[in-house]
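Here is the structure we will look at.
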2 protein chains.
Amino acid sequence: MKTDEQKLVNKTELENFKVGVDNVIFSVDTQLNRLLVLLIKRKDEPFSGQWSLPGTLVRKGEALEQSAYRILAEKIQVKNLYLEQLYTFGGPWRDPRESPDSYGVRYLSVSYFALVRFEDANLIAKNLSSITWYPIQKVPKLAFDHNKILEYGYRRLRNKLEYSPIAFDVLPEVFTLNDLYQLYCTILGENFSDYSNFRSRLLKLGFLCDTGVKVSKGAGRPASLYRFDAEAFAPFKDKPLVFI
Amino acid sequence: MKTDEQKLVNKTELENFKVGVDNVIFSVDTQLNRLLVLLIKRKDEPFSGQWSLPGTLVRKGEALEQSAYRILAEKIQVKNLYLEQLYTFGGPWRDPRESPDSYGVRYLSVSYFALVRFEDANLIAKNLSSITWYPIQKVPKLAFDHNKILEYGYRRLRNKLEYSPIAFDVLPEVFTLNDLYQLYCTILGENFSDYSNFRSRLLKLGFLCDTGVKVSKGAGRPASLYRFDAEAFAPFKDKPLVFI
DNA sequence: TCAAAAGTGTTAAGGTTACACCCATGA
DNA sequence: TCATGGGTGTAACCTTAACACTTTTGA
């Protein structure tokens, strides 16, 4: 039987942690106009066989962001991406392995949110049935608290898109204004803005430059290819800028 | 001498963590029109004697936010506050105790940002020279990476104030529109907006209700006391709302 | 020559800014 | 009666939203 003294000591005892990084990786399939999120089928316990966000535990000497890039690189080959820290979920009993019968340490998750270019993202997997792009509307029940993390990431994506130039990290070097508009529509939903108003707002900002090159898409007038001019954008950095 | 095999094993070894919570606690002295941040003088190694953000290590069974509230309650008595998670700093070598000669585990910090009502915040300390409100412009070099955390929190505070009703968590139950304006001025700097425009914008939104009660401040016309009407605000929740 | 896709222009409604001005009180 | 702080009004300007219209192409 424990004395009161012992109970007090137990109460103020520090928790030991393993730290994991979970990535919410988004991509936009511009052909089918679908917003996708990358999911992994777990092959180990806990939650073996269930879909989850791609994650990993942080290794000795590894920075958190480094860990996020590592897991990303293990799952997909990609040239262009945007990545930022999302939120930290660290309450007790997130992970069954916390049980004293198991490892007896708490599992904290630092989540990151990424947007990658769909066209040049190659999935890496021994068997491709264990990794897939899921349309955001069709995501099933995920392992751990990953549905909550995903929801959080989705909200952040929509906000970021409205007042940051992250779209250009994920579009090809040159793109038509319609490509850009479609990307916004896919993520924010139709009728977030009229095309012609979107167009004039973006052009007025002055950091999209017309390359002069035209590209034809079946019938209809050919579209100009534009380029994002990072230098012309510089003055807007850290300023509240609205794209929609 | 290590074999290549051993090196590889070491490389993929998981890190063990202690998790700390560090709070960036802001307050506004409306008398002197100063934005203040709560700092603690450390009395233990490492960085003994240096100023730091109030922080603590997470205990067994304790949620992160719970930990943030605990350290806050240990340092100040306060009735009204706003608190949210800020960012997680978890790179290697943030803390000298990570050294193998010391505890040999990594110290990760989940930071929280809080805004408290200055008037009813009583500092708790055995000796008051070890805890103090610092004007934001005069903050010295802090322990660990706390200056970086503070800077991050300061940016978040300014953003939050512009499009969230956090000011009302920190104002008295009833307040004059000038009190509100002064709060905004102190945090965002003068000339963020004309008083009369600020006034009409806020009143048009319709969630500030005039109590009819007047209060006099020396010479001059008495001001109406207003109350924040949380119910009338409800429809604006989760909508992008701009106060400035 | 017609439909499709790209791109331009117009207009009404509403918001923002920078003020000038009126009101109520204490000294 | 005047200085002080509170409160109202307004005209010029800018932004937004909706939609009509022109241009350039392939079939």
Side-chain angles (χ1 to χ4, degrees), chain A residues 30-33 161-163 171-172 174-186 188-227 236 239-244, chain B residues 30-33 161-163 167 171-172 174-186 188-227 235-236 239-244:
Chain A
T30 42
Q31 311 290 285
L32 296 173
N33 282 318
L161 201 70
E162 288 188 14
Y163 46 71
L171 280 171
V174 292
F175 50 86
T176 69
L177 288 176
N178 206 49
D179 291 340
L180 183 63
Y181 181 66
Q182 290 308 323
L183 181 72
Y184 272 78
C185 280
T186 303
L188 300 177
E190 303 286 334
N191 42 14
F192 76 95
S193 168
D194 179 283
Y195 171 65
S196 93
N197 292 328
F198 177 79
R199 183 190 164 80
S200 38
R201 194 176 307 119
L202 265 287
L203 288 178
K204 189 158 40 166
L205 289 169
F207 50 73
L208 294 183
C209 49
D210 192 335
T211 61
V213 183
K214 306 279 179 183
V215 66
S216 228
K217 184 176 163 188
R221 180 171 170 174
S224 264
L225 287 173
Y226 285 80
R227 178 191 314 281
F236 298 96
K239 264 164 200 131
L241 169 63
V242 179
F243 288 87
I244 58 149
Chain B
T30 41
Q31 311 290 284
L32 297 172
N33 281 318
L161 201 68
E162 288 189 14
Y163 48 82
L171 281 171
V174 292
F175 49 87
T176 70
L177 289 175
N178 205 50
D179 291 340
L180 183 62
Y181 181 67
Q182 290 308 323
L183 181 72
Y184 271 78
C185 280
T186 304
L188 300 176
E190 304 286 334
N191 42 13
F192 76 95
S193 167
D194 179 281
Y195 171 65
S196 93
N197 293 329
F198 177 79
R199 185 190 162 78
S200 39
R201 194 176 306 118
L202 265 286
L203 287 178
K204 190 158 37 166
L205 289 170
F207 49 74
L208 294 182
C209 49
D210 193 334
T211 61
V213 183
K214 306 279 179 183
V215 67
S216 228
K217 184 177 165 188
R221 180 171 170 176
S224 265
L225 287 173
Y226 285 81
R227 178 192 312 283
F236 297 96
K239 266 166 198 127
L241 169 64
V242 179
F243 288 86
I244 59 151

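Reminder, nothing fancy here: chain letters follow the sequence lines and each chain counts from 1.
When DNA chain D is scanned 5' to 3' for any atom under 4.0 Å from a heavy atom of chain B, the first and last hits are D:dT4 to D:dG9.
Checking B:N178 against B:T176 by side-chain atom types alone, no donor-acceptor pair falls below 3.5 Å.
In terms of heavy-atom proximity, B:R201 sits nearest to B:F243 at NH1-O, 3.4 Å.
Of the inter-residue distances, the one linking B:C185 atom SG with B:Y195 atom OH reads 10.5 Å to the nearest 0.5 angstrom. One finds the CD atom of A:Q182 at 5.0 Å from the CG atom of A:N33 (value rounded to the nearest 0.5 Å). Note that the CG atom of A:L188 and the CG atom of A:L161 stand 5.0 Å from one another [nearest 0.5 Å].
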Between side-chain atoms of residues 205-215 of chain B and protein atoms elsewhere (two or more places apart, or another chain), which donor-acceptor pairs fall under 3.5 Å?
| from | atom 1 | to | atom 2 | distance (Å) |
| --- | --- | --- | --- | --- |
| B:D210 | OD1 | B:G212 | N | 2.7 |
| B:D210 | OD1 | B:S224 | OG | 3.3 |
| B:D210 | OD2 | B:S224 | OG | 3.2 |
| B:T211 | OG1 | B:V213 | N | 3.2 |
| B:T211 | OG1 | B:L225 | O | 2.7 |
| B:K214 | NZ | B:S224 | OG | 3.0 |

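Residues satisfying the ring pair (Phe, Tyr, Trp, His ring centres under 6.0 Å) test with A:F198, not counting sequence neighbours, are A:Y181, A:Y184, A:F192. For A:R221, there are no side chain to side chain contact (heavy atoms under 4.5 Å, CB included) partners two or more places apart in sequence or in a different chain.
Between the NZ atom of A:K214 and the P atom of C:dA5 there is a distance of 17 Å, rounded to whole Å. Between the CG atom of A:L203 and the P atom of C:dG9 there is a distance of 12 Å, rounded to whole Å. Summarising the geometry, the separation between CD on A:Q182 and P on C:dA5 is reported as 11 Å, rounded to the nearest angstrom.
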### Task
Determine, step by step, whether B:L180 and B:L171 satisfy the side-chain contact (heavy atoms from CB on, under 4.5 Å) criterion, reporting the C-alpha distance in whole Å, the side-chain angles of both residues, the deciding distance to 0.1 Å, and the verdict.
CA-CA 8 Å; B:L180 183 62; B:L171 281 171; 3.5 Å; yes

### Message
Under the criterion side-chain contact (heavy atoms from CB on, under 4.5 Å), I'd like the reasoning laid out for B:Y226 against B:D179: C-alpha separation, chi angles, the key distance, then a yes or no.
### Response
CA-CA 10 Å; B:Y226 285 81; B:D179 291 340; over 6 Å; no

### Task
Using a 4.0 Å heavy-atom cut-off, write out nucleotides 15-27 of chain C from 5' to 3' as B (base contacted by protein), S (sugar-phosphate only) or - (no contact).
--BBB---BBBS-

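The stretch residues 174-181 of chain B has no heavy atom under 4.0 Å from DNA chain C, so no residue of it qualifies as close.
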